[in-house]
There are 2 protein chains.
Amino acid sequence: MTVSQTIAGANTELSLHQRIVNEIEGRILSGEWPPGHRLPFELELAEQYGCSRMTVNKAMAQLARTGLIERRKKSGSFVIQPHAQSAVLEISEIKQEVEGLGKTYRYKRASREMRKATSDDRALLDLSASGKVVEVTALHYAGERVFCFEERLINLAAVPEAAEETFADTAPGSWLLQQVPWSAAEHKIKAVAADDDIASALSIPPGSACLVVERRTSMQGTFITHVRLTYLGSSHELVARFTPSQTGQI
Amino acid sequence: MTVSQTIAGANTELSLHQRIVNEIEGRILSGEWPPGHRLPFELELAEQYGCSRMTVNKAMAQLARTGLIERRKKSGSFVIQPHAQSAVLEISEIKQEVEGLGKTYRYKRASREMRKATSDDRALLDLSASGKVVEVTALHYAGERVFCFEERLINLAAVPEAAEETFADTAPGSWLLQQVPWSAAEHKIKAVAADDDIASALSIPPGSACLVVERRTSMQGTFITHVRLTYLGSSHELVARFTPSQTGQI
DNA sequence: CGGCACATTAAGTATATACATATTACCCAG
DNA sequence: CTGGGTAATATGTATATACTTAATGTGCCG
């Protein structure tokens, strides 16, 4: 431990390039360096911090990846104009969500059907050829109350193992996570009035406001599954957060 | 242009460390390297790619930041267990949203009031001391139709300039973007049935399902503004995407 | 046989160096 | 004054090197 480290205090045990990131981020967030402002050149910062250009470069590259600055050769680095607000939406599994509320979770399959893909199915899964699909509908309970109604389509061409699975006891969401570890997903979130089917499934009056989350999961370009989750509207909310520094960590 | 570059084809003009990121990402996404799998050591990868350890390190650091792998000294790097799905929700300004639909955008202020913060206001903005706030309600049109109803609170302690602004012609959202360039935000998304006020503002029958987005924007710990946007439910949907590679880019 | 010092290993950080690339600025010829 | 070629410049990428740090394993000695 050198003397300078002891003096530094709080910021100790942070790498230099991370400290540079933090300080620049602070200046941008505080408005000291407003959008459009040109930050010092790498060599200038290197001199200020008494380090090499490579170290500064590492910091600047990180800031550029998180979208706080834009870098132009020969011109320098500039604070970016805030465009669209983007926020990170954490979509946890329903079981965790329910247990997070302190309720006991229960799963109940309502129906399961295997069939040749209809034109509706093909639209939802972006299928060109006519393959087979499995459709599962299920209920997720929080305590005695229905929490969420699930309607799911699984593309059998992508997940042939789904033909053997009844989903009587396992929720298709967590089952699929075992089969297909990582994927890209596309979500649509909307509010709808409950139709008669949904109303009876959720035991609410027809016409009630419900939050609907539709997710389409793909892997390497082909769609695996499409799911529509219908929540009892007033009792459920999604939370999304935006913090510039963690952008990296989606 | 060397011969090898010409042969490479599609992947040309990608930096080596980015190519390494892509290939490893592919193996993880395809399931070839399942969660928990230990990837080759930096030195092994360096040899495979015929490059230095630094280059591999850059790639691995990026994968670690995006949350695809976890790195442990002396042990190696491991594919991470899939936790919660997180998706990036792009929340653009309403004007852009409307124009993206090919409709003409129009803004109309409904009311504006400056007052000492009530206890409700203080709860929404996390105010401890009793300061002043401005409350603005406004309508956003898409063509002839109301698209969205806005109810906004602005913390005057954080943005004193708001006292002088009437918001008769400028939407508070875009105005605030000028004043407070960068910030963190927290969103809640839910479905509600329109009460009488909302119903008359949006000219829909009371009880209709509406999508509500509530956003609380903070800077350096203090809350700037709270806004509730009420959309005509069935006509509007939010879209969120998850792609592992871009996690960095919020 | 148990515990602790020490060596080993893999990643983390930082540096100097080198060359590539994109873009701007400048200067000179027409 | 204008256009185009060229030099200067800031970032981008890659390398070899060196030292640090944390975790794991090993072996020695009481």
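Protein chains get the first letters and strands the later ones, always in sequence-line order, with residue 1 at the start of each.
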Rounding to a whole Å, what distance do you find between [X]:[atom1] and [N]:[atom2]?
X	N	atom1	atom2	answer
B/Gln62	D/dT13	CD	P	10 Å
A/Leu43	D/dT11	CG	P	8 Å
A/Phe41	C/dT23	CZ	P	16 Å
B/Leu45	C/dA10	CG	C1'	13 Å
A/Glu70	D/dA10	CD	P	17 Å
B/Lys73	D/dC19	NZ	P	17 Å
B/Arg72	C/dG12	CZ	C1'	16 Å

Would you kindly compare B/Arg71 and A/Lys74 by the position of their nearest DNA chain C nucleotide and give the one closer to the 5′ end?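 That would be B/Arg71.
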Using a strict 4.0 Å threshold on nitrogen-to-oxygen distance, state whether B/Glu42 and B/Arg71 make a salt bridge.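 Answer for the salt bridge query: yes.
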Can we say A/Arg38 and A/Glu44 salt-bridge, meaning some charged N sits less than 4.0 Å from an Asp/Glu carboxylate O?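 Between A/Glu44 and A/Arg38 there is a salt bridge, with a charged N closer than 4.0 Å to a carboxylate O.
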Does the structure place the NZ or CZ of A/Arg72 under 6.0 Å from the centre of the six-membered ring of A/Phe78, at an angle of no more than 45° from the ring's axis?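 Yes.
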Evaluate side-chain hydrogen bond (donor to acceptor under 3.5 Å, both in side chains) for B/Glu23 paired with B/Tyr49, printing each intermediate quantity in order. CA-CA 11 Å; B/Glu23 291 187 22; B/Tyr49 284 97; 2.9 Å; yes
Per-nucleotide protein contact along nucleotides 13-19 of chain C, 5' to 3', at a 4.0 Å heavy-atom cut-off (B base, S sugar-phosphate only, - neither), is BBBBBB-
Once side-chain contact (heavy atoms from CB on, under 4.5 Å) is applied, do any residues pair with B/Leu176, and if so which ones, sequence neighbours excluded?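 Expected list: B/Arg152, B/Ile154, B/Val159, B/Ile224, B/Thr225.
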Any side-chain N or O of B/Ser75 below 4.0 angstrom from OP1/OP2 of D/dT24?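 Affirmative; the distance criterion is met.
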Under 4.0 Å from OP1 or OP2 of C/dA11: is there any side-chain N or O of B/Ser77 that close?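 For C/dA11, OP1 or OP2 has a side-chain N or O of B/Ser77 closer than 4.0 Å.
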Could you note down all residue pairs passing salt bridge (Lys or Arg N to Asp or Glu O under 4.0 Å) where residues 168-186 of chain A supplies at least one of them, sequence neighbours left out?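 Those involving residues 168-186 of chain A are A/Glu186-A/Arg216.
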